Structure formats: C-alpha cells, structure tokens
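A quick write-up on the structure given underneath.
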Amino acid sequence: MKKLFLLFAVATMSLSIYSCRETTEENAENDMEEIGNDIENSAEEAGEDIERTTEEAGNEIEAEVEGTDDM
C-alpha cells in the first residue's frame, strides 16, 4: 500500500511539474510577441513624430524664406 501511495505521489508531482513547464513556455512566447508588438508600435509612433516635426520645420523655413524679400 505504501508503494502504491508513493507511486501516486510521484506521478502527481511529475505531472504538475510538467504542466507548469508548459504554461511557462507558453507565457514566455506570449510575452515575446507582446514585446515585439510594443516595439513595432513605438517605432511607428517615432516615425510619425519625425515626419511631423520635419514637415513643421520645413514649413517654418519656407515661411522665413518667403518673408524675407531683401531684393
């Protein structure tokens, strides 16, 4: 009876450890995907900010050039 109880306990422990490992691997994959999405979104936002700032600077320079008719 002791052997049966010990065998059951070992089997239960083995299954619980295996189950935790699978969950951890799945969570790690999901976390990596979320990190990738965050990086992609941040890069897109940075690109949009650069475009907007460049356009604003170009407009200001153009306005200054048009406003100075020294001829």
Side-chain angles (χ1 to χ4, degrees):
M1 189 69 171
K2 289 181 184 179
K3 288 182 182 181
L4 182 62
F5 180 71
L6 287 174
L7 180 63
F8 180 72
V10 169
T12 303
M13 293 290 285
S14 297
L15 290 175
S16 67
I17 291 171
Y18 180 75
S19 176
C20 290
R21 184 177 58 189
E22 271 187 8
T23 304
T24 303
E25 288 174 358
E26 289 174 6
N27 288 341
E29 288 176 12
N30 290 339
D31 290 345
M32 292 296 282
E33 187 173 323
E34 287 180 25
I35 291 170
N37 289 338
D38 289 344
I39 291 171
E40 185 177 340
N41 291 338
S42 296
E44 287 178 12
E45 289 176 12
E48 291 170 1
D49 288 345
I50 291 171
E51 280 184 34
R52 188 181 73 254
T53 304
T54 304
E55 186 176 314
E56 289 174 1
N59 290 340
E60 289 180 18
I61 292 171
E62 189 175 308
E64 283 293 321
V65 170
E66 288 177 1
T68 55
D69 290 330
D70 291 339
M71 295 183 126

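What you are looking at is a predicted structure, and each value in this text was computed from that prediction instead of being measured.
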Mind checking whether E55 and N59 have side chains closer than 4.5 Å, heavy atoms only? yes

Here the gap from E40 atom CD to N37 atom CG, rounded to the nearest 0.5 Å, amounts to 6.5 Å

Using residues 44-54 as the side-chain source, report each donor-acceptor pair under 3.5 Å to any protein atom, sequence neighbours left out, with the distance given to one decimal.
{"residue": "D49", "atom": "OD1", "partner": "R52", "partner atom": "NH1", "Å": "3.1"}
{"residue": "T53", "atom": "OG1", "partner": "D49", "partner atom": "O", "Å": "2.8"}
{"residue": "T54", "atom": "OG1", "partner": "I50", "partner atom": "O", "Å": "2.7"}

So how far is it from D38 CG to E34 CD, rounded to the nearest 0.5 Å? 7.0 Å

